[in-house]
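Keep in mind the model is a prediction, meaning the values are calculated, not measured. Ligands are counted one by one from 1 in listed order, and the atoms in each one are counted from 1 as well.
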Amino acid sequence: MKRILVTGGAGFIGSHLCEKLLNDGHEVICLDNFFTGFKRNILHLLDNHRFELVRQDVTLPVLLEVDKIYHLACPASPVHYQYNPVKTIKTNVMGTINMLGLAKRVRARVLLASTSEVYGDPKVHPQTEDYWGNVNPIGIRSCYDEGKRVAETLMMDYHRQNKVDIKIVRIFNTYGPRMAPNDGRVVSNFILQALRGQDITIFGKGDQTRSFCYIDDLLTGLIQMMEVDDFIGPVNLGNPDEFTILQLAQQILAMIGSKSKIVYHPLPSDDPTQRKPDITLARNKLGWYPGVSLKTGLKKTIKYFEDLLQSGQV
Ligand code: NAD
Ligand code: UDP
C-alpha cells in the first residue's frame, strides 16, 4: 500500500484515478481547488478511511508526505483554460514547480499529465513522441499548450538537475462519465445537445480529426506508466482510431436516435486540423493499448449524461 497524491482529483480523469487507486488498496490524497472539478465526482469516496480531500490551489506550496504524485491539476477544456489564461499558465508553471519541489523533498515519484496539445497543429501524422510540435506561442490556446510544454521542461530539468523520479504522459482526447457538462468539449457538447434536441454545433466544416480514448483505457495506461521502472517518457496515451468531428456527430445522433440538426459555426483559431497518437512506444514499453471502441465508450457516456439530466443536475 502506498500513499498517493492526486492533484486535480475532483476532476474528470482525477476522480476516476482516485477511485481506482483506492480499489487497488492505496491511501489517496486528493488535492483540488474545485475550479472545474465537482464534489459529486468524489462524494462516494469521502466515507473511505483511506481517502483524504485537501481543498487547495496547486499554485500554493503544500507540505505532505507521499510516495507517489499524479499531477493532473489544470483546466483541460479550451472554454475553461481560456476563462483565465494567466491563471492557467500559473497553474502549469507554479503548480508543477510545487509538485516537483514536494517530490524532491520526500523522494516521491511524480507523473505529469501532459497533453497531445504539445504537438500543436501537427505537421507529423500520426504524432510520435520525438516530434517537437507546431505550436503558436502567442495564440489563444498558448496558455495551455505552452504551459504544458514548460511543465514538461520543468519535469526534465528537475530530473537532470535534482534526480527527481519523473514520468511524462501525453494524454490525447479522453472521454467518459464525469466529464464536466459545461466544459464545451466536443463529446459532452454533442451528447447533451442530442439528448436535449438542440442543434449540434460543429466548428468549421467538421473535417478536422480527433482520436478519442475511453477513460478506463487511459487509467490503465497512467497506472502502468507510474509503476514501470527505467522509462520516464514522454509517452503518448490515446486511442489511435481517428474520426472526423462530423463522423462523431453522426455517430452520437444515431446512437441517441436524436432529431437534432447539425449546424456549422466558425472554427476557433489555432484549432488543430488533425490529431492521432502513434502508440508504438506505449505498446513496447508498457504493453499498453486501448481496448474500448468508440461505440462502447459512447454508450456508457451517453447513459451518464442521461442520468445527470434526469436528476436535474444539469
Ligand atoms: P478537469 O477539468 O475535469 O480536471 C482538472 C481538475 O484540476 C479539476 O478538478 C480542477 O478543479 C482542478 N484544478 C484546476 N486548476 C487547479 C489549481 N490551480 N489547483 C488545484 N486544482 C486545480 O480535466 P481532466 O479532463 O480531468 O484533465 C485532467 C488532466 O489531464 C489535466 O492536466 C489535463 O491537462 C490533462 N489532459 C486531459 C485530456 C482530456 O482529454 N481530458 C487530454 C490531455 C490532457
Ligand atoms: N468542436 C465542435 N463543436 C463543439 C465543440 C468542439 O466542432 O461543440 C470541435 C473543436 O473545434 C475541435 C474538436 O471538436 O476541432 C475537439 O474539441 P475539444 O474542445 O473537445 O478538444 P480539443 O480541441 O482540445 O482537442
Give the numbers and elements of all ligand 1 atoms closer than 4.0 Å to a heavy atom of Thr36.
1 (P), 2 (O), 4 (O), 5 (C), 6 (C), 8 (C), 10 (C), 11 (O)

Of Ile252, Asn239, Leu248, Val187, which meets side chain to side chain contact (heavy atoms under 4.5 Å, CB included) against Leu294?
Leu248

Just by distance, with hydrogens left out, do Thr209 and Gln274 show a side-chain donor and acceptor under 3.5 Å apart?
no

Exercise: identify the closest heavy-atom pair between Val28 and Cys18
CG1-SG, 3.8 Å

For atom 37 (C) of ligand 1, which protein heavy atom lies nearest, and how many Å away is it?
Ile13 CD1, 3.7 Å

Answer yes or no on whether Lys39 is positioned over the face of Phe34, meaning its NZ or CZ is under 6.0 Å from the six-membered ring centre and within 45° of the axis.
yes

Do Val118 and Pro234 have side-chain heavy atoms sitting under 4.5 Å apart?
no

Looking at atom 9 (C) of ligand 2, what's its closest protein heavy atom, distance included?
Gln208 NE2, 3.9 Å

Regarding Arg40 and the six-membered ring of Phe38, is the cationic atom NZ or CZ under 6.0 Å from the ring centre and inside 45° of its axis?
yes

Counting only heavy atoms closer than 4.0 Å, does ligand 1 sit against the backbone of Arg185, its side chain, both, or neither?
side chain

For ligand 2, indicate whether the residue Arg185 contacts it via side chain, backbone, both or neither (heavy-atom separation under 4.0 Å).
both

Taking atom CD of Gln313 as the centre, report whether more than 12 heavy atoms of other residues, nucleotides or ligands fall under 6.0 Å from it.
yes

Close approach of Gly95 to ligand 1, heavy atoms, under 4.0 angstrom
no

For atom 5 (C) of ligand 1, what is the closest protein heavy atom, and at what distance to 0.1 Å?
Cys74 O, 3.3 Å

Ranked by distance from atom 19 (N) of ligand 1, the top protein heavy atom is Val58 N, 2.8 Å

Just which atoms of ligand 2 are under 4.0 Å from any heavy atom in Gly184?
5 (C)

Assess Pro78 for proximity to ligand 2: is some non-hydrogen atom of it under 4.0 Å away?
yes

How far is atom 3 (O) of ligand 1 from the closest protein heavy atom, and which atom is that?
Phe12 N, 2.9 Å

Pair Glu129 + Lys285, salt bridge at N-O below 4.0 Å
no

Ligand 2 to Asn173, heavy atom cutoff 4.0 Å, flagged ligand atoms 21 (O), 22 (P), 25 (O)

Regarding Arg283 and the six-membered ring of Tyr289, is the cationic atom NZ or CZ under 6.0 Å from the ring centre and inside 45° of its axis?
yes

Which of the atoms of ligand 2 are close to Asp271, meaning less than 4.0 Å from one of its heavy atoms?
10 (C), 11 (O), 12 (C), 15 (O)

Quick one: nearest non-hydrogen protein atom to atom 43 (C) of ligand 1, plus distance?
Ile171 O, 3.0 Å

Close side-chain approach of Pro75 and Phe35, heavy atoms under 4.5 Å
yes

When only distance counts, is Ala73 in polar contact with ligand 1, meaning an N/O pair under 3.5 Å?
no

Any idea how Tyr214 and Tyr175 line up, ring-wise: parallel (<30°), tilted (30 to 60°), or perpendicular (>60°)?
perpendicular

Proximity winner for atom 36 (N) of ligand 1, if only heavy atoms of Phe34, Tyr144, Phe35, Tyr175 are counted
Tyr144

Counting non-hydrogen protein atoms only, what is the nearest one to atom 28 (C) of ligand 1? Give residue, atom name and distance.
Leu72 O, 3.7 Å

With sequence neighbours excluded, residues passing salt bridge (Lys or Arg N to Asp or Glu O under 4.0 Å) with Asp57:
Lys87

Residue Lys148 vicinity, atoms of ligand 1 by number, heavy atom under 4.0 Å:
31 (C), 32 (O), 33 (C), 34 (O)

Closest to atom 13 (C) of ligand 2 among Thr273, Leu246, Ile245, Thr115 (heavy-atom distance):
Ile245

For Thr201, the ligand 2 atoms with a heavy-atom partner under 4.0 Å come out as 2 (C), 3 (N), 4 (C), 7 (O), 8 (O)

Checking the N or O distance criterion of under 3.5 Å, is ligand 1 in contact with Asp57?
yes

Proximal ligand 2 atoms for Arg141, defined as those under 4.0 Å from one of its heavy atoms:
22 (P), 23 (O), 24 (O)

May I ask you to list the atoms of ligand 1 that are less than 4.0 angstrom from any heavy atom of Gly37?
8 (C), 9 (O), 10 (C), 11 (O)

Short list, please: which atoms of ligand 2 are under 4.0 Å from a heavy atom of Ile202?
7 (O)

Minimum non-hydrogen distance to atom 18 (P) of ligand 2, winning option of Ile262, Val186, Leu267
Val186

Using heavy-atom distances only, which candidate in Ala151, Ala180, Ser114 approaches atom 44 (C) of ligand 1 most closely?
Ser114

Please report which non-hydrogen protein atom sits nearest to atom 16 (C) of ligand 1, along with the residue it belongs to and the distance in Å to one decimal place.
Asn33 OD1, 3.3 Å

Counting from 1, what ligand 2 atoms have a heavy atom of Arg275 closer than 4.0 Å?
22 (P), 25 (O)

Could you tell me which non-hydrogen atom of Ser15 sits nearest to which non-hydrogen atom of Ile42, and how far apart they are?
CB-CG2, 4.1 Å

Identify, by atom number and element, the atoms of ligand 1 in contact range of Gln56, meaning under 4.0 Å from any of its heavy atoms.
19 (N), 20 (C)

Is Glu117 in contact with ligand 2, taking contact as a heavy-atom separation below 4.0 Å?
yes

Checking heavy atoms under 4.0 Å, the part of Pro272 that sits near ligand 2 is neither

What residue and heavy atom of the protein are closest to atom 27 (O) of ligand 1, and at what distance?
Ala76 CB, 3.6 Å

Sub-3.5 Å N/O-N/O distance, Gly11 and ligand 1:
yes

For Asn189, take its heavy atoms, then give the atoms of ligand 2 lying under 4.0 Å from any of them.
4 (C), 5 (C), 8 (O)

Judging by distance only, is a nitrogen or oxygen of Asn173 under 3.5 angstrom from one on ligand 1?
no

Measuring from atom 11 (O) of ligand 1, which candidate in Leu237, Thr115, Val169, Asp32 has the nearest non-hydrogen atom?
Asp32

Parallel, tilted or perpendicular: which fits the ring planes of Phe203 and His265, with parallel below 30° and perpendicular above 60°?
perpendicular

Number the atoms of ligand 1 from 1 as they appear, then name those within less than 4.0 Å of a heavy atom of Thr174, with their elements.
39 (C), 40 (O), 41 (N)

